[in-house]
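Here is the structure we will look at.
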Amino acid sequence: MIYFRVLAACVLGLAGQTEGLGFQKTERPNVILIITDDQGYGDLGLHGNSHVQTPVLDKLGRESVRLTNFYVSPVCAPTRSSLMTGRYSLRTGVRDTYNGGAIMATEELTLAEMLQSTGYRTGIFGKWHLGDNYPFRPGDQGFEESLIHLSGGMGQPGDFTTYFQGDRSYFDPVLWYNGEQKAFQGYCSDIFTTEALTFIEKKAAEPFFLYLSFNAPHTPLQVPDKYYERYKDLDPSAGFDEDGRPFPEMSERDKEAARKVYAMVSNIDDNVGRVLNKLEELDIAENTVVIFMTDNGPQQARYVGGMRGRKGSVFRGGVRVPFFLRLPDRLEGNRDISTSLAHIDVLPTLADLCGASLPTDRQIDGKSFYPLLQGRDAAGFDERPLFFYWTRRYPELYTNVALQKGKYKLVGNTNFDAEPGDFDLFDLKEDPYEMNSIVDANKPLASALKSEMDEMIADLTQSPHLNQPQRVIIGSEEENPVYLNRNDAGGERGIWTQEEVFGMWKVKTLEGRYNIRFKFIKPLETKGKMVLETNSVIIQEQFEAVPTDEITLENVYLPEMEVDLIPHYVTEGRSIFPLWVELEKITGP
């Protein structure tokens with residue numbers, strides 16, 4: 001029988017020295033939080049997918065406490081901000097995955113900062129996606145060691161060091177180690193794991209928090225050949241005819257994507273095995289919290305356990321994900337918790353487990369499920385509302401929005417002036433696949449849930465961090481030069497790789513003189529004028545027709561100001577927006 005240690009043993013300052021815990025002699029557990037990118041609930045053998053090979057993760061799941069109704073946001077940056085803060089993403093300033101909407105306010109207290117304040121060593125390896133410049137980087141938000149790519153994904157225009165690598169962006173990448181560019185050899189998931197193992201070895205004598213945030217299996221779907229070979233002849237749609245659960249139609253393109261995704265997941269499985277083996281090697285596995293989860297549903301159509309929807313959707317296929325938690329020396333494993341829990345609950349739960357204090361100066365939306373992990377009853381979960389939405393920029397009334405309370409879920413895909421009867425209402429206990437709306441027979445219940453939804457939307461959309469732009473600081477000693485990338489650019493909706501598009505960056509410049517370099521997606525073939533618009537002055541310089549994809553303005557004076565920085569190259573009636581901008585403050589005489 002497993003005996004649970006009392007929480008007091010974890011409290012900061014009271015952690016005693018304990019024999020028998022191997023290399024590490026402390027009561028406070030280490031924390032390893034592993035999250036993957038766009039891996040759906042169905043992308044595990046343990047969840048009924050006989051095609052994908054995940055022996056390590058399946059074994060971890062069997063050894064863990066499994067949260068079988070665990071929810072996240074429909075897309076990645078909102079999920080990550082809630083995971084880091086215990087708050088709904090709109091409170092943190094995060095409203096989207098790009099267009100400047102994936103920058104989390106620096107005033108937020110992160111999980112890393114919370115644990116760091118209690119003596120934990122902290123490191124992130126992989127995807128951050130909550131701001132790529134000072135003061136929003138991982139190193140500014142509590143991580144003493146960081147190895148990340150930029151923006152939402154490697155190979156995307158925001159991650160400009162890998163963008164031009166095309167179909168090899170996941171191999172031999174230039175990454176950002178503690179804020180500086182550094183070249184690596186190998187496949188991205190292997191690199192992140194190798195560096196994470198080094199971190200574990202260096203910090204094993206102290207309590208540590210490791211955030212291993214794989215960017216796989218997000219697009220572009222790139223994977224070493226030896227993993228793809230396992231799946232190249234697979235029909236991912238086969239074998240589910242007698243399943244009895246809904247199964248999506250899969251095009252040939254979907255099937256090929258599934259093969260590559262499964263290959264990437266198998267690579268992740270091997271890398272998780274490397275981490276677990278390292279814990280055993282160092283004799284710290286018993287006292288280490290290991291969490292495995294994913295950030296949203298699958299991007300492409302494939303097996304998702306019969307659930308409706310996928311990434312981007314508020315239906316369960318988009319927001320219900322795996323969550324395994326293992327802590328052998330104090331929590332009984334191999335059991336399920338069916339209570340509805342969410343990403344916002346992780347921070348307060350780890351605060352309880354690790355003896356950290358929650359901030360009292362802000363709304364924490366999550367609730368600790370530590371009592372549930374201990375096998376005790378916990379009140380307040382079943383009747384609290386969980387809110388889901390995703391549309392570009394801000395919540396749109398009432399598009400792709402949902403409120404779940406107890407076994408009922410109200411889903412809106414209708415107009416701003418819709419009546420409760422225009423929504424869909426589902427009984428998740430009777431209809432876990434959200435196939436049959438019961439709204440016509442339950443309009444009073446739908447009306448009550450809509451009222452709660454409206455209250456939550458009104459509250460969240462008035463959050464100060466949402467309505468006050470997050471501004472990158474230019475000219476600070478903390479980051480010089482500064483690279484402004486496409487992911488964090490505002491302006492027209494959908495800025496991605498377009499040339500003729502209106503874009504800008506919200507910044508705060510510190511007074512000084514700068515060399516400013518503009519990088520374009522392709523060479524500028526015709527003569528024109530480089531223009532940099534600020535609040536009070538427009539800086540411009542004429543250039544002759546020299547085929548180049550870079551232009552530099554030297555010795556540009558910028559005062560201290562909060563400004564929308566708007567660069568564009570004007571030529572023959574066209575206005576071309578750069579891929580990225582580098583601003584280097586001139587120091588010295």
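- Between Ile291 and Val289, the closest side-chain pair of non-hydrogen atoms falls below 4.5 Å.
- Atom OG1 of Thr349 and atom CZ of Phe369 lie 4.0 Å apart (nearest 0.5 Å).
- Under the 4.5 Å side-chain criterion, counting only non-hydrogen atoms from C-beta, Thr509 is not in contact with Glu560.
- Contact of the Tyr514 side chain with the Ile474 side chain is registered, since non-hydrogen atoms from C-beta on lie closer than 4.5 Å.
- Side chains of Leu350 and Leu111 form a contact here, defined as non-hydrogen atoms less than 4.5 Å apart.
- No option in Val94, Ile103, Thr110 other than Val94 meets the side-chain contact (heavy atoms from CB on, under 4.5 Å) test with Ser81.
- Here the side chains of Leu583 and Pro481 are not in contact, with every heavy-atom distance at 4.5 Å or above.
- A salt bridge links Glu145 with Lys202; the closest basic N to acidic carboxylate O contact falls under 4.0 Å.
- Minimum interatomic distance between Ile495 and Asn99 (heavy atoms only, all atoms of both residues): N-ND2, 3.8 Å.
- Sequence neighbours left out, the pairs with a member in residues 77-112 that pass ring-ring contact (aromatic ring centres under 6.0 Å, His included) are Tyr98-Trp496.
- Not a single donor-acceptor pair under 3.5 Å links the side chain of Thr36 to the backbone N or O of Phe214.
- Between Glu584 and Ile516 there is no side-chain heavy-atom pair separated by less than 4.5 Å.
- Separating the OG1 atom in Thr399 from the OH atom in Tyr389 is a distance of 12.5 Å, to the nearest 0.5 Å.
- In this structure a side-chain-to-backbone donor-acceptor pair under 3.5 Å is missing from Asp549 to Ile521.
- We find the CE-CG distance between Met456 and Asp459 to be 7.5 Å, quoted to the nearest 0.5 Å.
- To the nearest 0.5 Å, atoms CD (Glu396) and CD1 (Ile457) are separated by 11.0 Å.
- We find that Lys203 and Glu144 are joined by a salt bridge, their nearest charged nitrogen and carboxylate oxygen being less than 4.0 Å apart.
- Not a single donor-acceptor pair under 3.5 Å links the side chain of Arg310 to the backbone N or O of Gly318.
- Pairs passing the side-chain hydrogen bond (donor to acceptor under 3.5 Å, both in side chains) check and including a residue from residues 473-486, sequence neighbours excluded, read Asp132-Asn485, Asn133-Glu479, Tyr483-Glu582.
- Heavy atoms from other residues, nucleotides or ligands lying under 6.0 Å from CD of Gln181 number more than 12.
- Contacts classified as side-chain hydrogen bond (donor to acceptor under 3.5 Å, both in side chains) and involving residues 561-578 (residues at least two apart or in different chains) are given here: Glu500-Arg574, Lys506-Asp564, Thr526-Thr571, Glu533-His568, His568-Ser575.
- Pro220 approaches Ser169 most closely through the heavy-atom pair CG-OG, 3.7 Å.
- Within the cation-pi definition used here (under 6.0 Å to the ring centroid, within 45° of the axis), Arg320 qualifies as a partner of Tyr41.
- Checked against the 6.0 Å centroid criterion, the rings of Phe292 and Phe323 do not qualify as a close aromatic pair.
- Residues passing the salt bridge (charged side-chain N to carboxylate O under 4.0 Å, His left out) test with Arg274: none are found, sequence neighbours excluded.
- Here CZ of Phe577 is found 12.5 Å from OG1 of Thr497. Values are rounded to the nearest 0.5 Å.
- Side-chain atoms of Ser73 do not come within 3.5 Å of backbone N or O of Val75 as any donor-acceptor pair.
- In summary, the side chains of Lys529 and Gln540 do present a donor paired with an acceptor at a separation below 3.5 Å, with no hydrogens or angles considered.
- Sorted by first and then second residue, the pairs that involve residues 353-366 and meet side-chain hydrogen bond (donor to acceptor under 3.5 Å, both in side chains), not counting sequence neighbours, are Arg91-Asp365.
- Thr85 contributes a side-chain N or O that, together with a main-chain N or O of Arg87, makes up a donor-acceptor pair within less than 3.5 Å.
- Between the Ser117 side chain and the Met114 main chain, a donor and an acceptor come within less than 3.5 Å of each other.
- The two residues Thr106 and Pro135 have their closest heavy-atom pair at OG1-O, 2.9 Å.
- No more than 12 heavy-atom neighbours from other residues, nucleotides or ligands sit within 6.0 angstrom of NZ on Lys508.
- For Lys182, the side chain to side chain contact (heavy atoms under 4.5 Å, CB included) criterion is met by Tyr177, Phe184, not counting sequence neighbours.
- One finds a salt bridge joining Asp295 and Arg80 here, because a Lys/Arg side-chain nitrogen approaches an Asp/Glu carboxylate oxygen to under 4.0 Å.
- In this structure, the side chain of Asp37 does not engage the main chain of Pro217 through any donor-acceptor pair within 3.5 Å.
- Counting only heavy atoms from C-beta outward, the side chains of Leu579 and Tyr163 approach each other to under 4.5 Å.
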Show the atom names and distances, to 0.1 Å, of all donor-acceptor pairs under 3.5 Å that link a side chain in residues 151-160 to residues at least two apart or in another chain.
from   : atom 1 : to     : atom 2 : distance (Å)
Ser151 : OG     : Asp159 : N      : 3.2
Gln156 : OE1    : Gly153 : N      : 3.2
Asp159 : OD1    : Leu150 : N      : 2.9
Asp159 : OD2    : Thr162 : OG1    : 2.5

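- Annotation for Ile539 and Leu553: closest pair CG2-CD1, 4.0 Å, computed over non-hydrogen atoms.
- Nearest heavy atom pair, residue Ile124 against residue Pro138, reads CG2-CB, 3.7 Å.
- Side-chain contact between Pro395 and Leu90: present, with at least one pair of heavy atoms (C-beta onward) separated by less than 4.5 Å.
- Gly528 and Gln542 get closest at one heavy-atom pair: O-OE1, 3.4 Å.
- Under a 3.5 Å cut-off, the side chain of Asp352 and the backbone N or O of Ser368 do not form any donor-acceptor pair.
- For residues 462-474, the pairs satisfying side-chain hydrogen bond (donor to acceptor under 3.5 Å, both in side chains) are Glu108-His465, with sequence neighbours left out.
- Note that the CD1 atom of Ile586 and the CG atom of Asn515 stand 4.0 Å from one another [nearest 0.5 Å].
- Taking the six-membered ring for Trp and the full ring otherwise, the centers of Tyr187 and Phe171 sit less than 6.0 Å from each other.
- In this structure, Lys522 forms no cation-pi arrangement with Phe164, as its terminal cationic atom is not both closer than 6.0 Å to the ring centre and no more than 45° off the ring axis.
- By the side chain to side chain contact (heavy atoms under 4.5 Å, CB included) test, Glu455 is found to be paired with no residue, residues two or more places apart in sequence or in another chain being considered.
- By the salt bridge (charged side-chain N to carboxylate O under 4.0 Å, His left out) test, Lys585 is found to be paired with no residue, residues two or more places apart in sequence or in another chain being considered.
- Applying the salt bridge (charged side-chain N to carboxylate O under 4.0 Å, His left out) test to Lys367 and every residue at least two apart in sequence or in another chain returns nothing.
- In this structure, Phe192 has its ring center no closer than 6.0 Å to that of Phe125.
- A donor-acceptor distance shorter than 3.5 angstrom exists from the side chain of Thr294 to the backbone of Gln39, with no hydrogens or angles considered.
- In this structure, the side chain of Asn271 engages the main chain of Asn267 through a donor-acceptor pair within 3.5 Å.
- Asp38 pairs by the salt bridge (charged side-chain N to carboxylate O under 4.0 Å, His left out) definition with Lys311, not counting sequence neighbours.
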